[in-house]
Asks: 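The structure under discussion is supplied below as structure tokens; questions concerning it will follow.
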Amino acid sequence: MAGRFVDFSRTHYLGNLDPSMEGKQVTVGGWVEDLRKMGKLTFLTLRDVTGIAQVILAGDTAKSIEGITRQSVIRLTGTIQKTKARDFDFEIKSENIDILANAVHPLPIDPIGRLESDIDKRLNARALDLRNQKTAAIFKIRHHVLASIRNTLSKKSFIEINTPKIIGSASEGGANLFSFKYFDKQAYLAQSPQLYKEQLTMGLERVFEIASFYRAEKSHTGRHLSEFTSVDIEAAFMDYNDVMNILESLILETLQYVKENCKDEERILEIKTAIPNSPFEKITYKQAIEELQNEGIELKVGDDLQDAHLRSLGKKHTGFYFITDWPIKLKPFYIQEKDDDSTLSESFDLQHGFLELSSGGTRLHNPEKLRSRLKEQDLDPNAFSDHLRSFEWGMPPHAGWGLGLERLLTVIIKIDNVREVILYPRDPERLSP
Ligand code: AMO
């Protein structure tokens, strides 16, 4: 990712240097990763966000950094020259070094990763953990995934929106809400942009949001966060099949983008992005129940699929696949029933093996139906009066989905803990840093 770059005090990123620049004077800066004295010479490895270089110091230059600790910040001017080192194809002979900041030892973790630290220790020192190339690679991939998602949706005429995170009524029904006092009123942290994104289809037609949302779930798993990043879309004049197609092409384009743009990161993380076959497999909820029953699991139509059931399905369906047409009573109040069977809904989950990545569906757009569905689900229509009012202003038929960004990243990076792919995770135990 070494883009051409000059800042106020460096001429190059380390990743932009190469042996053909022999004899050229450069000013570079970064963090001291390693330091070795061999006779009169001092060798230092310097890292910045793009790469690493060997620096060789002699005489007074070496003296000027005596006592420097690893991970301190330096800037140096030097000349590119040939090297005898096995791990480098050039080195910088430094003529002048400034120490810009000291790293105070002992450091809480070894950021090079030579000494493995457990995830809690790493999260407690997250900023330092990013000097570990594996951790940095994860967040560079996250950056590229976000860029690709924005690109795909913009190309499909979706407009990026930002909706409130402090809200007065539940977006997903009553459960799992963080509530707090907002001046003299009761407020909540948004669980999703659901109500807003639906309303906005009447003016902008196709909208998307990428933002943090909040769930007060006391779950201690590798896939639940109290604050997670959701990629949401909502589109007028579409139904659940249309938005499933958009989701599938977004996943395929994202994987292709990572494959093309994250080669260094893939090497560092020892992963290889494969492009799955399309179209993704689709099974109905009823087929899923039958498959589970055939395996001797006691389950009937109408039951929700619990973790153990999804794990069982995931053994057979190992990649991306949709589970469609869920019972209406298992889905939120805003989902539309099927024309030919009102006990079922125009809804889907996108799975990767056992892991749910996304859910969505066709929405109710008739306010009367929405009002009665709220009552059926024991929700008070008065709490949704602003939302219901907007449905009187010409609400188009619409559909959409929400995709958990961290869960998608665990699939791309091939790890099983969402805490690895979000900078400062929030879970029932963790509220800092
Ligand atoms: P749902 O509640 O299924 O649907 O959430 C959508 C997706 O968000 C991710 N997700 C989470 N990720 C990490 N930690 C959590 N606690 C968490 N909760 C959810 C999952 C999930 O599939 N409004 C609907 C979407 C829609 O219909 O448009 C919704 O929020 O990957």
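Just follow the structure's listing: the first ligand is 1, and inside any ligand the first atom is 1.
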Asks: For Gln191 and Phe213, work out which heavy atoms get closest and say how close.
Replies: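 Shortest heavy-atom separation between Gln191 and Phe213 comes out as O-CB, 3.4 Å.
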Asks: Tell me which part of Glu406 gets within contact of ligand 1: side chain, backbone, both or neither, using heavy atoms under 4.0 Å.
Replies: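 No part of Glu406 comes within reach of ligand 1.
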Asks: Would you kindly say whether Glu429 and His220 are connected by a side-chain donor-acceptor distance under 3.5 Å?
Replies: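 On atom types as modelled, these side chains qualify, holding a pair under 3.5 Å.
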Asks: Does ligand 1 have a heavy atom under 4.0 Å from the side chain of Glu217, from its backbone, from both, or from neither?
Replies: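 Contact part for Glu217 vs ligand 1: side chain (C-beta onward).
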Asks: Before signing off on this row, confirm whether Ser230 and ligand 1 have an N or O atom pair separated by under 3.5 Å.
Replies: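 Between Ser230 and ligand 1, no N or O pair is found under 3.5 Å apart.
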Asks: Is any NZ, NE, NH1 or NH2 atom of the basic residue among Lys338 and Asp341 found under 4.0 Å from an Asp or Glu carboxylate oxygen of the other?
Replies: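 Salt bridge absent between Lys338 and Asp341.
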Asks: Is the NZ or CZ atom of Arg363 positioned over Tyr334's six-membered ring, under 6.0 angstrom from the centre and within 45° of the axis?
Replies: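 No, Arg363 does not sit over the ring of Tyr334.
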Asks: Do me a favour and list the nearest non-hydrogen protein atom to atom 10 (N) of ligand 1 with residue, atom name and distance?
Replies: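 That would be Phe228 CE1, 3.5 Å.
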Asks: Please report which non-hydrogen protein atom sits nearest to atom 6 (C) of ligand 1, along with the residue it belongs to and the distance in Å to one decimal place.
Replies: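 Protein heavy atom at minimum distance: Gly402 O, 3.5 Å.
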Asks: What are the two closest non-hydrogen atoms of Lys218 and Pro428, and how far apart are they?
Replies: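 Nearest pair, atom of Lys218 first, then Pro428: CA-CG, 3.9 Å.
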Asks: What protein heavy atom is closest to atom 15 (C) of ligand 1, reported as residue, atom name and distance in Å?
Replies: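 For atom 15 (C) of ligand 1, the nearest protein heavy atom is Leu225 O, 3.5 Å.
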Asks: Which residue holds the protein heavy atom closest to atom 21 (C) of ligand 1, what is that atom called, and what is the gap in Å?
Replies: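 Minimum-distance protein heavy atom for atom 21 (C) of ligand 1 reads Glu356 OE2, 3.2 Å.
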Asks: So, regarding Gly361 and ligand 1 (criterion: nitrogen or oxygen to nitrogen or oxygen, under 3.5 Å), is there a contact or not?
Replies: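 No, there is no polar N/O contact under 3.5 Å.
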Asks: Taking ring-ring contact (aromatic ring centres under 6.0 Å, His included) as the test, write out the residues that go with Phe90, two or more places apart.
Replies: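 Testing Phe90 for ring-ring contact (aromatic ring centres under 6.0 Å, His included), a comparison that skips the adjacent residues, returns none.
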Asks: At under 4.0 Å between heavy atoms, which part of Trp401 makes contact with ligand 1: side chain, backbone, both or neither?
Replies: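 Backbone only.
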Asks: Just to be sure I read this right, does ligand 1 sit under 4.0 Å from the backbone of Arg426, its side chain, both, or neither, counting only heavy atoms?
Replies: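 Under 4.0 Å from ligand 1, Arg426 contributes no heavy atoms.
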Asks: Less than 3.5 Å between some nitrogen or oxygen of Leu403 and one of ligand 1, yes or no?
Replies: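 Not met; the criterion fails.
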Asks: Applying the ring pair (Phe, Tyr, Trp, His ring centres under 6.0 Å) criterion to Phe348, which one of Phe320, Tyr285, Phe322 satisfies it?
Replies: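 In the set Phe320, Tyr285, Phe322, the residue that makes a ring pair (Phe, Tyr, Trp, His ring centres under 6.0 Å) with Phe348 is Phe322.
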Asks: Among all the protein's non-hydrogen atoms, which is closest to atom 5 (O) of ligand 1, and how far away is it?
Replies: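 For atom 5 (O) of ligand 1, the nearest protein heavy atom is Arg215 NH2, 3.7 Å.
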Asks: If you have a sec, work out which protein heavy atom is nearest atom 13 (C) of ligand 1 and how many Å separate them, to one decimal?
Replies: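 The closest heavy atom on the protein side is Arg223 O, 3.3 Å.
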Asks: Dump the intermediate steps for side chain to side chain contact (heavy atoms under 4.5 Å, CB included) on Leu344 and Trp326, then the final yes or no.
Replies: CA-CA 6 Å; Leu344 297 178; Trp326 290 71; over 6 Å; no
Asks: Establish, from distance only, whether the side-chain atoms of Gln287 and Glu291 form a donor-acceptor pair under 3.5 Å.
Replies: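 On atom types as modelled, these side chains do not qualify, holding no pair under 3.5 Å.
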Asks: Which of the numbered atoms in ligand 1 are below 4.0 angstrom from a heavy atom of Gly360?
Replies: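 Near Gly360, the atoms of ligand 1 are 27 (O).
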Asks: Return a yes/no value for Ser358: is any of its N or O atoms, backbone included, closer than 3.5 angstrom to an N or O of ligand 1?
Replies: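 Yes; at least one N/O pair falls below 3.5 Å.
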Asks: For the aromatic rings, using the six-membered ring if either is Trp, is the centroid distance between His387 and Phe391 under 6.0 Å?
Replies: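 Centroid distance His387-Phe391: below 6.0 Å, so yes.
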Asks: Should the proximity of Leu357 to ligand 1, defined as any heavy atom under 4.0 Å, be assigned to the side chain, the backbone, both, or neither?
Replies: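 For Leu357, the contact with ligand 1 is made by the backbone alone.
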Asks: Do Arg142 and Thr229 pair up side chain to side chain, a donor and an acceptor below 3.5 Å, judged on atom types alone?
Replies: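 On atom types as modelled, these side chains qualify, holding a pair under 3.5 Å.
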Asks: For ligand 1, does Tyr334 get within less than 4.0 Å through its side chain, its backbone, both, or neither, judged by non-hydrogen atoms?
Replies: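 The answer is the side chain.
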Asks: Take atom NZ in Lys121; do more than 12 heavy atoms of anything else shown fall under 6.0 Å from it?
Replies: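 No.
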Asks: Nearest non-hydrogen contact with atom 23 (N) of ligand 1 belongs to which option: Glu234, Gln194, Gln191?
Replies: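 It is Gln194 whose heavy atom sits nearest to atom 23 (N) of ligand 1.
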Asks: Within the structure, does Gly404 bring an N/O atom to less than 3.5 angstrom of an N/O atom in ligand 1?
Replies: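 Yes, Gly404 has an N/O under 3.5 Å of an N/O on ligand 1.
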Asks: So is Gln351 close enough to ligand 1, meaning a heavy atom under 4.0 angstrom away?
Replies: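 Not so, Gln351 does not reach ligand 1.
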Asks: Answer side chain, backbone, both or neither: which part of Ser359 comes under 4.0 Å from ligand 1, heavy atoms only.
Replies: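 It is both backbone and side chain that touch ligand 1.
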Asks: Using a 4.0 Å cut-off to any heavy atom of Lys197, which atoms of ligand 1 qualify?
Replies: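 So the atoms of ligand 1 that pass are 26 (C), 28 (O).
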Asks: Between His224 and ligand 1, is there a nitrogen or oxygen pair with a distance under 3.5 Å?
Replies: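 No; every N/O pair is 3.5 Å or more apart.
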Asks: Using a strict 4.0 Å cut-off to heavy atoms of Ser192, name the atoms of ligand 1 that fall inside it.
Replies: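 Numbered from 1, ligand 1 contributes 23 (N), 30 (O).
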Asks: Got a second to check how far Ile65's CD1 is from Ile74's CD1, nearest 0.5 Å?
Replies: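 The distance works out to 6.0 Å.
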Asks: Within the supplied structure, the quantity of interest is the number of heavy atoms (other residues, nucleotides, ligands) at a distance under 6.0 Å from Glu392 CD; does it exceed 12?
Replies: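 Enclosed: over 12 neighbouring heavy atoms sit under 6.0 Å from CD of Glu392.
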Asks: With sequence neighbours excluded, what pairs up with Arg215 under the salt bridge (charged side-chain N to carboxylate O under 4.0 Å, His left out) test?
Replies: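 By the salt bridge (charged side-chain N to carboxylate O under 4.0 Å, His left out) rule, Arg215 matches no residue at all.
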Asks: Do any nitrogen or oxygen atoms of Ile233 lie less than 3.5 angstrom from nitrogen or oxygen atoms of ligand 1?
Replies: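 N/O-N/O distance below 3.5 Å does not exist for this pair.
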Asks: Quick test of your reading of the structure: of Glu198, Arg407, Arg363, whose heavy atom lies closest to atom 28 (O) of ligand 1?
Replies: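 The nearest heavy atom belongs to Arg363.
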